[in-house]
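Scroll down for the structure; my scribbles are underneath it.
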Protein chains: 2
Amino acid sequence: MQKQPTIRDVAAAAGVSVAVVSRVLNPGSGPVAAATRGRVNDVMTTLGYHPRTAARELKHGPPTTLGLLLADVSNPFFARLADQVVQEAHSRGIQVLLMTTQEDDQLESERLSTLIERRVSGIIATPTGNNLDIWKKLQDLGTDVVFVDRSIPALPAVDVVTINNTESARSATALLAAHGHRRIAIISGPASSTTGRDRIAGYREALEAAGLEQDDLLIRSAAFRGAAGGDATTALLNLEDPPTALVVANTAQVTAVLRRLSHAGVSIPDELSVIVFEDSPWTELVTPPLTIVRQPIDLLARHSVQLALANASGKTSGKSTVIRVDAELVERSSVARPKRRT
Amino acid sequence: MQKQPTIRDVAAAAGVSVAVVSRVLNPGSGPVAAATRGRVNDVMTTLGYHPRTAARELKHGPPTTLGLLLADVSNPFFARLADQVVQEAHSRGIQVLLMTTQEDDQLESERLSTLIERRVSGIIATPTGNNLDIWKKLQDLGTDVVFVDRSIPALPAVDVVTINNTESARSATALLAAHGHRRIAIISGPASSTTGRDRIAGYREALEAAGLEQDDLLIRSAAFRGAAGGDATTALLNLEDPPTALVVANTAQVTAVLRRLSHAGVSIPDELSVIVFEDSPWTELVTPPLTIVRQPIDLLARHSVQLALANASGKTSGKSTVIRVDAELVERSSVARPKRRT
DNA sequence: AAACATAATGGAACCGGTTACACTTTTATG
DNA sequence: CATAAAAGTGTAACCGGTTCCATTATGTTT
């Protein structure tokens with residue numbers, strides 16, 4: 001366990017002042033003779049010197065750290081988002097502090113406090129929907145907040161990057177209607193979430209456009225965590241007049257829903273046509289391969305990081321930016337014409 | 001964009017000295033009268049004061065940050081590991097800096113430099129296998145390094161948490177042998193990785209125990225990234241005397257292998273019995289449900305965090321700790337007796 | 001060669017906390 | 001009630017960088 005050399009150790013060993021070493025460390029901050037620079041660099045490597053980030057950050061805030069606040073990284077959607085965000089950030093020399101909320105207000109609030117104390121320059125988050133006051137405070141503090149995937153309507157000043165949820169649900173529903181389905185169900189995120197609301201709105205639009213009757217019994221909300229998706233599935237199957245088609249618009253609940261269908265012995269697509277919001281490789285491996293709504297996670301990540309850092313570089317654009325990227329409907333084999341007439 | 005209050009602002013507003021405020025901030029660091037404490041706390045909330053982590057860390061290193069250096073968070077195995085590590089760390093008030101290497105030496109080296117500069121107290125990593133000198137330096141610096149899932153034999157001093165790879169591969173192979181298979185293939189990680197080597201060793205043990213002939217053509221290594229798994233699959237299928245059973249011991253390549261099998265029209269388990277190292281919900285959804293080796297990710301995470309922090313608290317245990325947790329073989333329906341005799 | 005611009009370097013304050021130590025006020029003890 | 005012990009508070013140095021500004025070395029112009 002060796003003691004760490006400081007900038008003064010380096011300065012002493014190189015026979016220069018700390019100011020010079022600092023200039024070597026931060027090119028562009030002032031002139032240094034080439035010979036001196038070389039000597040200082042040599043000393044730094046032989047001493048094994050590494051400047052301490054904490055000390056650097058003391059003077060001016062850290063433009064080198066982003067907070068990434070996700071619900072849950074075990075969800076593949078968020079996992080891939082995290083992966084892309086980290087890569088994108090690293091390519092710009094930015095580090096990522098990863099935190100999870102488990103969809104819990106209280107935990108979210110604690111995580112946000114930590115991020116405030118760290119004075120991160122920006123936060124990319126999937127908000128639970130509460131803690132409005134903290135989000136506002138963050139903005140007052142000049143932290144760049146970007147909501148990804150979801151948003152909070154009561155906070156119009158925040159940048160948002162999301163897929164076009166309404167349109168995605170609309171086109172998925174429309175595809176089912178075009179196949180002749182008249183009883184189309186949807187399992188979506190909680191109505192308290194913007195994604196849930198938007199997707200249900202798109203679903204309704206499609207039904208209306210197709211001239212189909214709307215039945216609120218066919219609209220099920222399932223919490224992002226737990227087994228809610230399975231229960232919603234059972235409820236739909238037990239309906240007096242059950243659906244012939246189903247849109248699973250809650251990414252977190254896709255496997256729960258499919259497992260329940262499988263256990264119930266419902267055959268896809270013969271008895272039930274299915275479209276899911278989920279883009280993992282395995283959706284192609286199940287029988288039959290699933291028709292999916294593919295969310296362009298890489299785009300979400302890239303835009304989020306760009307926004308979080310663009311603002312950081314001083315551009316207080318004033319207005320908030322909302323970026324909507326289009327999801328892609330990938331047709332495979334889980335959609336067919338309905339067998340049974342209702 | 002408001003200016004942030006500092007500890008001196010708080011002290012002034014409360015009519016006390018900064019030392020007192022600091023003591024309020026760090027309970028146990030010294031006596032403070034109850035009345036004073038209350039007043040200071042009030043001022044802190046009305047002013048919206050949050051102490052800066054960077055300043056705190058200046059004095060003594062930060063026991064509040066862990067580095068988590070993974071190959072790739074889009075791999076569900078690592079994603080779930082990350083999720084668990086983050087939760088475990090948060091429950092102890094520790095933050096996690098997430099970095100990825102993409103299995104690239106050079107990137108790993110850069111990430112490690114960053115972690116050194118941040119003076120993180122501990123690092124949990126899946127090492128690429130290179131950068132020996134940097135890992136050593138990290139240890140000299142007193143950073144607690146814990147390798148998870150894989151290790152580097154040339155660095156015996158590092159703590160390691162991994163599943164019992166040899167035993168896992170042995171039991172999976174033994175199960176296939178017990179079903180009467182004589183030509184059992186394995187697709188594993190690169191031979192340069194300890195997981196790859198250990199799993200192949202277990203595979204060989206099982207063959208030997210079953211009195212089966214070993215054929216190196218049936219042993220395929222596939223890199224953790226890219227489409228190597230698919231190519232290995234094709235090569236196995238095209239063998240003159242192809243296998244009747246397959247162990248996919250490279251988690252990262254499981255979907256690639258299955259996709260290739262599916263495209264090649266190989267039916268499981270009639271033509272090929274399959275066991276995979278992978279424990280995602282979807283392995284139960286495919287047809288047939290897959291027999292899997294379930295890796296106890298939560299245990300890996302908990303032990304890793306414990307080790308990384310146990311050492312941090314001063315216990316220079318001297319010796320390195322190696323923790324091996326047992327994986328569980330979950331039998332489902334992708335293993336059957338071989339149809340065709342070879 | 002004088003006059004002046006520019007390059008290179010050093011000294012010291014500063015960022016926002018923590019903490020050793022000195023000092024003052026209470027409380028406890030004989 | 002004197003006095004020692006404990007509790008409460010303040011001052012100032014310190015952590016390891018960055019940066020303003022002054023100073024000295026070098027180079028250019030006429």
Side-chain angles (χ1 to χ4, degrees), chain A residues 2-41 43-44 47-65 114 116-121 141-142, chain B residues 2-41 43-44 47-65 114 116-121 141-142:
Chain A
Q2 73 199 39
K3 50 225 152 223
Q4 310 259 39
T6 75
I7 198 174
R8 293 170 220 270
D9 297 328
V10 174
V16 296
S17 73
V18 294
V20 173
V21 179
S22 179
R23 283 186 210 110
V24 173
L25 246 27
N26 308 52
S29 64
V32 180
T36 313
R37 163 173 287 109
R39 188 152 36 91
V40 171
N41 276 322
V43 170
M44 293 200 296
L47 252 53
Y49 169 75
H50 290 270
R52 275 184 63 165
T53 307
R56 299 186 117 161
E57 290 185 348
L58 242 198
K59 199 79 178 174
H60 310 296
T64 68
T65 312
T114 305
I116 290 179
E117 291 174 8
R118 298 244 169 194
R119 302 292 194 272
V120 295
S121 57
L141 259 33
Chain B
Q2 71 199 43
K3 51 229 153 218
Q4 310 260 40
T6 75
I7 197 173
R8 294 172 219 270
D9 297 328
V10 174
V16 296
S17 73
V18 293
V20 174
V21 179
S22 180
R23 283 186 209 111
V24 172
L25 246 26
N26 309 52
S29 65
V32 180
T36 313
R37 164 173 288 110
R39 189 153 35 94
V40 170
N41 276 322
V43 170
M44 292 199 298
L47 253 52
Y49 169 75
H50 290 270
R52 277 185 62 166
T53 307
R56 301 186 116 162
E57 290 185 347
L58 241 197
K59 199 81 179 177
H60 311 296
T64 68
T65 312
T114 305
I116 290 179
E117 292 173 5
R118 297 244 170 193
R119 301 295 194 274
V120 294
S121 56
L141 258 35

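A quick note: this is a predicted structure, and the numbers were derived from the prediction, not measured. Quick note on labels: first sequence line is chain A, next is B, and so on, each numbered from 1.
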How many angstroms lie between CD in A:E117 and OG1 in A:T114, if you round to the nearest 0.5 Å?
-> 6.0 Å
In whole angstroms, how far is the C1' atom of D:dG16 from the CD1 atom of B:I116?
-> 17 Å
Reckon A:T36 has a side-chain N or O less than 4.0 Å from the OP1 or OP2 of C:dA8?
-> no
Show each protein N/O and nucleotides 17-24 of chain C N/O combination with a separation under 3.5 Å, one pair to a line.
residue	atom	partner	partner atom	Å
C:dG17	OP1	B:Y49	OH	3.2
C:dG17	OP2	B:I7	N	2.7
C:dG17	OP2	B:Y49	OH	3.3
C:dG17	O5'	B:Y49	OH	2.9
C:dG17	N7	B:R8	NH2	2.8
C:dG17	O6	B:R8	NH2	3.0
C:dT18	OP1	B:N26	OD1	3.2
C:dT18	OP1	B:N26	ND2	3.3
C:dT18	OP1	B:R56	NE	2.9
C:dT18	OP1	B:R56	NH2	3.3
C:dT18	OP2	B:S22	OG	2.7
C:dT19	OP1	B:H60	NE2	3.3

Smallest separation among heavy atoms of B:D9 and B:Q4, with atom names = OD2-O, 4.1 Å
How large an angle, rounded to 10°, do the end axes of the helix from C:dA1-D:dT30 to C:dG30-D:dC1 enclose when each is built from five base pairs?
-> 30°
Is a side-chain N or O of B:R52 found less than 3.5 angstrom from the main chain of A:E57, in a donor-acceptor match?
-> yes
Contact class for B:T53 vs. all strands (heavy atom < 4.0 Å): base, sugar-phosphate, or nothing?
-> nothing
Apply the test side-chain contact (heavy atoms from CB on, under 4.5 Å) to residues A:Y49 and A:I7: give CA-CA distance (whole Å), side-chain angles for both, the deciding distance (0.1 Å), then the verdict.
-> CA-CA 8 Å; A:Y49 169 75; A:I7 198 174; 3.7 Å; yes
Sub-3.5 Å pairs of nitrogen or oxygen atoms, protein against nucleotides 23-25 of chain D:
none

What pairs with B:T65 under side-chain hydrogen bond (donor to acceptor under 3.5 Å, both in side chains), at least two apart in sequence or on another chain?
-> A:R118
With a cut-off of 3.5 Å and sequence neighbours excluded, list every side-chain donor-acceptor pair involving residues 13-40 of chain A.
residue	atom	partner	partner atom	Å
A:S17	OG	A:A19	N	3.4
A:N26	OD1	A:R56	NH2	3.4
A:S29	OG	A:N26	O	2.7
A:R39	NH1	A:A14	O	2.4

Minimum heavy-atom distance between A:G48 and A:P5, given as atom pair plus value = O-CG, 4.0 Å
Atom CD of B:Q4 to atom P of C:dG16: distance rounded to whole Å?
-> 9 Å
Which sits closer to the 5' end of DNA chain D, B:R39 or B:L58, going by the nucleotide each is nearest to?
-> B:R39
Roughly how far, to the nearest 0.5 Å, is CG of B:L58 from OG1 of A:T53?
-> 11.0 Å
